[in-house]
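Input: a single structure, listed below in structure tokens.
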2 protein chains.
Amino acid sequence: MNDKLDFILALARERHFGRAAEACGVTQPTLSAGLKQLEKQTGVLLVNRGSRFQSFTPEGERMLEWARRIVGDTRAMHEEINSLRRGLSGRLRIAAIPTALAMVALLTTPYRVRHPNVQFTILSRTSIEILGLLENLEIDAGITYLDNEPLGRVNAIPLYHERYRLLTSAEAPLGNREQVTWAEVAQVPLCLLTPDMQNRRIIDRLLRAAGGESRPTLESDSMILLFSHVRTGRWASVMPAKLAETLGLTDTLRAIPIVEPEATQTVGLVVPSREPMMQITAALVEEAKRAAPTLDN
Amino acid sequence: MNDKLDFILALARERHFGRAAEACGVTQPTLSAGLKQLEKQTGVLLVNRGSRFQSFTPEGERMLEWARRIVGDTRAMHEEINSLRRGLSGRLRIAAIPTALAMVALLTTPYRVRHPNVQFTILSRTSIEILGLLENLEIDAGITYLDNEPLGRVNAIPLYHERYRLLTSAEAPLGNREQVTWAEVAQVPLCLLTPDMQNRRIIDRLLRAAGGESRPTLESDSMILLFSHVRTGRWASVMPAKLAETLGLTDTLRAIPIVEPEATQTVGLVVPSREPMMQITAALVEEAKRAAPTLDN
DNA sequence: ATGGAACGATAGAATTCATCTATCAATATG
DNA sequence: CATATTGATAGATGAATTCTATCGTTCCAT
């Protein structure tokens, strides 16, 4: 009867019977029947439905909470038993904000040395999406901003402080400066992430605080796209220092510190706060604690 | 697949396939098949068996840990969903040490006023057994000594301090005293609990510390039996003050404080330390916290 | 209004899965 | 050495799950 809990988790994710069924690898009538069975067993309506999925009832919400925990524990159990047999193995699912993607390798590389049988899935997501995925057990860990959004029921391990650089060609206006102010940056046409990204919202906030306005010439949800534009020498962008370094600077491409204020954002690892942790996740937390001191130059 | 976890819990309790099967309400082959299925699924041997149950493998022990948690959470989930519908209901299973049995009513009575639909099962057990039952989810809460045994993964709520009285007829030797010493008590023939009870071991320890020896004339595992003997006026016993009061004193039956030292033992409620608690258990904890200040005169 | 698409519920058939009874082999016990 | 106990195995039965196919609503665009 406990495997039906997968159904209600999937339904919470998809908010759609058909898609939830597909996600569970069953047909839609099967999922419908499973939910109906849960409802019959508890004697309570779990889902408000009228020709389509509407919402969970309060009882459904509570069951959802428990289901997350129980399903998570069940997975953790199997994972741990497996580990006892042949060391840490399985697939570690991570989601990171785009600006942090470049540094994920600094965690995964030493991780892989220690635990060669673990496979990785790494997704690029917004900070909000990351928290949702964590909540729904669709990922094991996230890398995101720790300061702004309320994080929910997760453990956070700070990794480094994001510092901002104006990324621009040496020939462009401001291109020869040792540092620039946010007020000056506000005057430059920029390539920035789309507004659903927290990085963009942070930069917008800093620009506004400096009396400027954010009117980016170009928006994208891909850092690679932004960077490739800047690299032509005809565009400019604001990027975290670490990312700019990773992507590579040239003589003509400069990353100029932005001051007044010298803003920083804490970026860190977030994992579900469950006791005990899945070993595969615990090992990542270990790696993060090991790496953190060396990251923050 | 998750309902098979019941099997391994039962097997841990009974250490016997047949009895475990009976406890689960299935036949022995069913339980055997269920375990074999778990082993096939995880690919690990869980139980060492050679013509009979021997032990769990390390992997089995780990799965046992998880199974306790998962099964407990599953129960808690159903219980909570039920509560949302028609208030707190279900059966609250408590085990208490014999000397604390009399005061259980001080918790259950106000509990019942607040939650009339909850039924009770109350068992008399030794302190050791109580911890085992808690561990195996066979009871929801225990009432036992908090000071001595290591408690394990439980939350403890102190209720009161047990103080000791010599229970004896007024005509007997020492019967006219306002207080007696442990050394004096050691000289009297006593009715005491059997040595598997912690209360007995505590008293033995106190008697020995006073230079005496414990040679009780009569042993029993039932407080009622002890008390009924004392009541005849021809026997004496050492009992917690609270218990003596509850059972009722008469002109000829006196409860004399024992000093040098004036020993006390903390008695309290213990519940599984799981987050969140089952509501039915949480309500008992509330009751305990409410009652505790008024209990310790 | 009306036709069509999307969504979830329902019915009935096929099949898988769990459980039972009966029995066996191995081991412990006297 | 005889017997009882314990857990594994085999085959039959029955229950439960899942599937395919279809239906009734609702929503939306024409």
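Lettering of chains follows the sequences in order, A, B, ..., and the numbering in each one begins at 1. This structure is a prediction, so every number in the text was calculated from the model and none was measured.
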Given [options], which nucleotide is nearest the side-chain atoms of [X]?
X	options	result
Arg52(B)	dT6(D), dT17(D), dT20(D)	dT6(D)
Lys36(A)	dT10(C), dA8(D), dT20(D)	dT10(C)
Pro29(A)	dG7(D), dG8(C), dT10(C)	dT10(C)
Phe17(B)	dA21(D), dA8(D), dC20(C)	dA8(D)
Ser32(A)	dC19(D), dG8(C), dA8(D)	dG8(C)
Gln28(A)	dA9(C), dA8(D), dC20(C)	dA9(C)

Using whole Å, report how far [atom1] of [X] lies from [atom2] of [N].
X	N	atom1	atom2	value
Phe53(B)	dT6(D)	CZ	P	13 Å
Leu11(A)	dG8(C)	CG	C1'	11 Å
Leu38(A)	dT17(D)	CG	C1'	14 Å
Asp6(A)	dT18(D)	CG	P	11 Å
Asp3(B)	dC17(C)	CG	C1'	12 Å
Gln54(A)	dT25(D)	CD	C1'	12 Å
Glu22(B)	dC20(C)	CD	C1'	16 Å
Leu31(A)	dG8(C)	CG	P	10 Å

Is Arg68(A) paired with Glu135(A) through a side-chain N to carboxylate O contact shorter than 4.0 Å? yes

Tell me whether Glu138(A) is salt-bridged to Arg125(A), with the criterion being a basic N under 4.0 Å from an acidic carboxylate O. no

Which residues pass the side chain to side chain contact (heavy atoms under 4.5 Å, CB included) test with Glu80(A), not counting sequence neighbours? Gln279(A), Arg62(B), Trp66(B)

N or O in side chain of [X] less than 4.0 angstrom from [N] OP1/OP2:
X	N	value
Thr30(A)	dC19(D)	yes
Thr27(A)	dC19(D)	yes
His16(B)	dG7(D)	yes

Take the C1' atoms of the five end pairs on each side of the helix from dA1(C)-dT30(D) to dG30(C)-dC1(D), derive the two axes, and give their angle rounded to 10 degrees. 30°

Please work out which of the three classes, parallel, tilted or perpendicular, describes the rings of Phe53(B) and Phe17(B), given edges at 30° and 60°. tilted

Enclosure of Arg153(A) CZ (heavy-atom neighbours >12, cutoff 6.0 Å): no

Hey, does Leu123(A) have a side-chain heavy atom less than 4.5 Å from the side chain of Ile94(A)? no

Should Val47(A) and Glu39(A) count as side-chain neighbours, where that means a heavy-atom distance under 4.5 Å? yes

Between Arg49(B) and Gln54(B), is there a donor-acceptor pair closer than 3.5 Å when you use the side chain of the first and the backbone of the second? no

Touch class at under 4.0 angstrom, heavy-atom based, for Gln37(A) against every strand present: sugar-phosphate

